[in-house]
Amino acid sequence: MLDKQFDILQIEEKWLNFWQDNDIFLVDIESSKTPFCLMLPPPNVTGRLHMGHAFQQTLMDILIRYHRMIGKEVLWQVGTDHAGIATQMLVERQIKNENNLSRFDIGRDKFLEKVWQWKELYAQRIVNQMKRLGTSADWSRLRFTMDTSMSKAVKEAFIYLYKQGYIYKGNRLVNWDPSLMTAVSDLEVVAEEVRGSMWHILYPFTDGPQEAFDSEGNKVTLKGMTIATTRPETMLADGAVCVNPNDKRYKHLVGKYVDLPLCNRTIPVIEDDFVDIEFGTGCVKITGAHDFNDYACAIKHNIPLINIFTLDAKLNENAPKQFFNMDRFNCRKEVVKELKQNNFLVGVDENHKMMQPKSERTGVIVEPMLTNQWFISMKKHNEKGETLSSRALNYFSDREINFIPANWLNTYNQWLNNIQDWCISRQLWWGHQIPAWYDDNGKVYVGYDEDSIRKEYNLSANIKLKQDEDVLDTWFSSGIWTFSTLGYPDNTRELEKFHPTDVLITGFDIIFFWVARMVMMTGVIKNQVPFREVYITGLVRDSDGNKMSKTKGNVIDPLDVIQGIGLEDLISKSTESIYQKDRQEKAAKGIRKMFPEGIQTCGVDSLRFTFCALANTGRDIRFDIKRVMGYRNFTNKVWNAARFVFSYTEDFKLDNNIDYNGVNFKLRPFDQWIINKIVKFTERYHKYIKEYRFDMMSQEVYELIWDHYCDWYLEASKVTLKDQNIPFERKYSTQYILLYTLDCILRLLHPITPFITEEIWASLKGKLNLNYRCLSVAPIPEVNSITLDKEIIENVETTISVIHSIRQIRGDYVISPNKKVDVIIVCNDELKTKLEDFEDLIKDLAKVSSIKYMTSNDKLKNTIVNVINNLQVHVYMHDLIDKEQEIIKINKEIDKNQNNINILKNKLSNNEFISKAKLEIVQKEKDRLKRLDLIQKGLIEQKSKLEQM
RNA sequence: GGUCGCUUAGCUCAGCUGGUAGAGCACCGCCCUUACAAGGCGGGGGUCACAAGUUCAAGUCUUGUAGCGACCACCA
């Protein structure tokens with residue numbers, strides 16, 4: 001029924017179309033099923049799917065499919081993000097390349113038009129890529145953060161927070177990106193270690209040299225205060241020099257004035273304990289408008305804030321004339337030059353290690369800049385005395401939300417405990433424009449639109465209103481994502497049914513950006529948590545553990561793994577973003593080494609299985625194509641197992657008069673055995689999902705299918721069905737259970753590998769009269785209704801050991817596979833009776849021509865033995881065995897065994913062990929000793945036997 | 001500087017509340033046996049980084065040491 005060769009890509013396409021065309025994954029909002037909901041972290045709308053997405057979405061889809069299959073109404077809310085800065089930069093670059101124009105040249109409206117065009121051009125790409133993974137979402141519910149409905153929600157949220165007093169506008173020092181000319185949040189600034197210069201500059205006392213002390217307490221005469229700085233150009237904005245009040249060297253100088261070099265100003269010496277006595281000279285210049293620490297100090301001591309920079313970081317009119325309009329870095333050179341010329345420069349350390357704050361997006365050094373911005377307050381309390389952040393902390397300490405793994409809570413807590421007000425305004429054009437309007441006097445009105453504001457504030461038509469030009473930080477709209485997508489501000493069925501959502505799967509890199517903000521925003525606006533659990537995934541690295549990055553050329557596109565790619569294509573694709581020739585060659589070399597033949601077609605299922613298997617809790621994962629190949633083999637195995645089942649059940653017709661819940665026809669021992677394996681596995685399967693142990697889940701399903709189902713159960717069934725004289729009843733039940741267990745296995749496997757299982761199941765459903773439209777909507781099997789005989793299952797295990805023993809001997813003695821052997825089993829009558837039922841099986845699976853039973857090995861000659869508990873499996877050797885060699889071998893085993901026996905005996909004669917260890921442990925050890933003794937007895941018997949030969 | 005994590009077979013990693021060291025890949029034999037060579041059968045391989053402690057018992061718990069990594073904060 002199934003072809004030997006299968007085209008995985010064709011199968012995938014078929015089922016993607018089937019699911020879509022038949023609306024398989026549509027959400028039924030009116031259903032009475034228990035809801036299950038998760039939010040897809042919306043990727044950048046113009047982005048491309050990368051390994052991280054594929055990894056996380058695989059896990060999400062496994063959860064979604066699982067919950068759908070256990071009978072829940074699932075909503076996987078998908079969407080894309082407008083990604084303010086990133087997208088705007090792309091489009092700006094594009095118009096620069098095309099027409100050498102800036103956004104200011106073409107104006108806001110024209111520019112936004114371009115961005116929307118850009119968005120339309122690329123939006124479908126990432127959506128299609130996500131679909132390609134088998135993402136079983138209701139795509140009709142796709143949302144985009146700039147959709148009209150989202151904009152409405154954003155406005156509502158902003159207005160609400162403003163009216164509640166959580167949002168305010170203020171002139172504050174913020175991180176400023178001078179190339180983008182916008183504020184960025186603390187999180188968008190990354191510190192980079194650099195070696196720079198630290199200049200020591202003398203600020204002479206206005207009243208001439210003063211007495212002071214050196215660090216040993218000796219009197220010295222100082223011409224002035226010497227400050228140390230890495231940014232000499234900012235001295236032009238200095239407002240004071242500050243020392244520590246406990247610094248004996250300078251304490252008495254507080255209140256004096258110094259002349260600020262190069263500027264025609266004097267500034268005071270002040271004291272504050274934020275100054276570190278040990279660091280540098282112990283004197284700090286206070287540049288309130290251009291440094292965060294200094295800002296706090298200046299505000300506290302009422303020192304004037306002097307802004308000397310324009311928004312693109314050139315010197316403005318507040319700086320001395322000779323520096324006007326100079327770029328900040330050129331200005332630095334000039335300032336140093338002039339200080340030197342005028343003998344104000346006392347020293348310079350040119351090898352100073354420091355952390356330089358750079359804008360994450362542009363890499364430009366961030367300039368602290370005094371500007372008018374909107375903030376969300378972290379200090380405002382509600383009626384219960386909670387702030388946004390304290391409430392967000394409480395949700396976790398009260399266990400209303402949990403992290404998995406739990407230790408991320410530390411990171412989360414630490415950040416929220418030190419959080420500053422969140423600057424939410426950006427001087428960009430692409431984003432949600434802030435719903436605030438100003439009249440001619442600068443009075444601010446926050447509201448939905450101009451009309452409603454006029455109405456609300458009773459403004460006459462001749463008062464002009466102008467909307468704030470800034471847009472909101474992208475993460476503002478992301479922060480309300482869990483409920484904005486479900487219909488907020490309206491009270492929709494979706495909100496009622498699916499919010500709070502169940503779990504969020506995301507990377508640790510956006511715990512602050514997104515997770516914490518969602519918790520805060522949802523808490524204050526909806527008075528709810530956004531989700532119950534947060535599963536944090538590790539990073540997907542390359543097989544050597546390096547971070548995947550375009551500039552390293554080690555990025556693997558998940559779609560290339562799915563579809564395959566030739567070596568040369570892979571190389572040119574991977575190195576296209578590397579501009580240096582030598583690096584390009586290095587990367588190409590790495591690729592040739594790692595993928596000598598490019599990447600073969602692996603299919604989505606293998607990729608999904610790989611991610612599932614690699615999904616440990618907490619660590620980063622290394623992506624190795626060999627692993628994917630391994631799981632591609634696994635899907636092939638499943639395919640062939642199904643082919644086997646179908647080829648042996650071609651004449652099977654389901655008899656509706658039979659109660660095939662398994663009770664009224666007799667199951668073969670191996671049927672019981674495999675059903676038992678499936679039952680036990682299913683129990684753990686549910687547990688693994690609950691605990692997010694995707695790795696365990698995949699490992700065990702692999703083992704169940706390959707080691708148990710294929711290697712033993714199918715082989716055993718083959719022996720039964722090959723028998724031409726098999727009675728109808730037995731044939732029927734064997735065939736039925738083959739199909740039944742295949743059905744179970746496909747369902748259990750389906751959440752991980754949806755495509756191959758759908759394809760096989762489509763051929764299976766007719767045979768078992770199953771009426772589900774496809775496997776995706778079939779339930780996870782409930783198999784525990786079948787009563788199983790424990791003793792029979794044990795007998796199967798014994799049989800497996802016997803077969804294994806014989807095979808082991810065959811392997812040791814390199815007996816050709818097509819040569820049958822004679823076997824003598826030494827055991828008691830009870831065991832003999834049990835084993836006799838399995839004779840055909842043993843003969844077939846271990847290639848045995850005859851089996852004899854004996855109660856002692858007295859009469860045996862020229863055999864090789866394997867001892868299993870109380871039975872000895874002898875294989876008769878036609879060639880004379882090497883007696884000496886065998887004795888050496890068996891002695892080795894006896895010694896090893898004796899060693900274990902001694903350890904156990906010691907343990908069991910230790911009173912403390914007997915009295916303190918748990919009863920079941922003691923019993924277990926006793927049983928084990930009994931077993932070892934039996935084996936030892938058998939080994940010794942065989943040894944003396946050999947010696948007599 | 002603060003926080004968190006990691007160190008187990010050649011490689012990548014499991015090992016839950018302490019109770020005889022596991023898997024996949026790689027490796028070595030023998031097989032193209034009528035589901036599958038993308039396969040079958042068999043096999044070898046680890047003082048669980050180091051040290052001390054708790055315990056009848058430590059890969060597992062505690063403390064310390066070394067190495068690696070991540071994040072946060074940074075000092076003019």
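Owing to the predicted nature of the structure, the values given are computational and were not obtained by experimental measurement. Throughout, protein chains are lettered first and strands after them, A, B, ... in sequence-line order, and every chain is numbered starting at 1.
In a base pair of the Watson-Crick type (N1 to N3 plus N6-O4 or O6-N4) or a G-U wobble (N1-O2 and O6-N3), with each distance short of 3.5 Å, B:U3 is matched with B:A70. In this structure, B:C50 and B:G64 make a Watson-Crick or G-U wobble pair, each of the two defining distances being under 3.5 angstrom. For B:C56, the paired base is B:G19 (Watson-Crick or G-U wobble, both distances below 3.5 Å).
Judged as a side-chain contact (heavy atoms from CB on, under 4.5 Å), and not counting sequence neighbours, the contacts of A:Asp291 are A:Asn293, A:Asp294.
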Subject >> side-chain hydrogen bond (donor to acceptor under 3.5 Å, both in side chains) between A:Thr720 and A:Lys718, worked out >> reply: CA-CA 5 Å; A:Thr720 308; A:Lys718 195 191 284 180; over 6 Å; no

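Under a 4.0 Å N-O distance rule, the pair A:Lys358/A:Glu360 does not qualify as a salt bridge. Taking 4.0 Å as the cut-off between side-chain N and carboxylate O, A:Asp695 and A:Arg693 count as a salt-bridged pair. Comment: A:Arg622 does not engage A:Asp624 in a salt bridge, judged by the lack of any side-chain N to carboxylate O separation of less than 4.0 angstrom.
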Subject >> Annotated protein contacts, base or backbone, on nucleotides 40-45 of chain B with a non-hydrogen cut-off under 4.0 Å, one of B, S, - each >> reply: SSSS--

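The side chain of A:Asn410 approaches B:U3 more closely than any other nucleotide in the set B:U3, B:G19, B:A70. For A:Arg632, counting side-chain heavy atoms from C-beta on, the closest listed nucleotide (B:A35, B:U12, B:A38) is B:A38. The side chain of A:Glu912 sits closest to B:C56 out of B:A73, B:A38, B:C56.
Proximity of the aromatic rings of A:Phe634 and A:Phe609 is defined here by a centroid distance below 6.0 angstrom, and this criterion is met. With ring centers used as reference points, A:Tyr713 lies 6.0 Å or more from A:Phe670.
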Are any protein N/O atoms closer than 3.5 Å to N/O atoms in nucleotides 7-11 of chain B? If there are, list each pair with its distance.
unit_1: B:U7; atom_1: OP1; unit_2: A:Arg619; atom_2: NH2; d: 2.9

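Of the side-chain N and O atoms in A:Tyr648, one or more sit less than 4.0 angstrom from OP1 or OP2 of B:A35.
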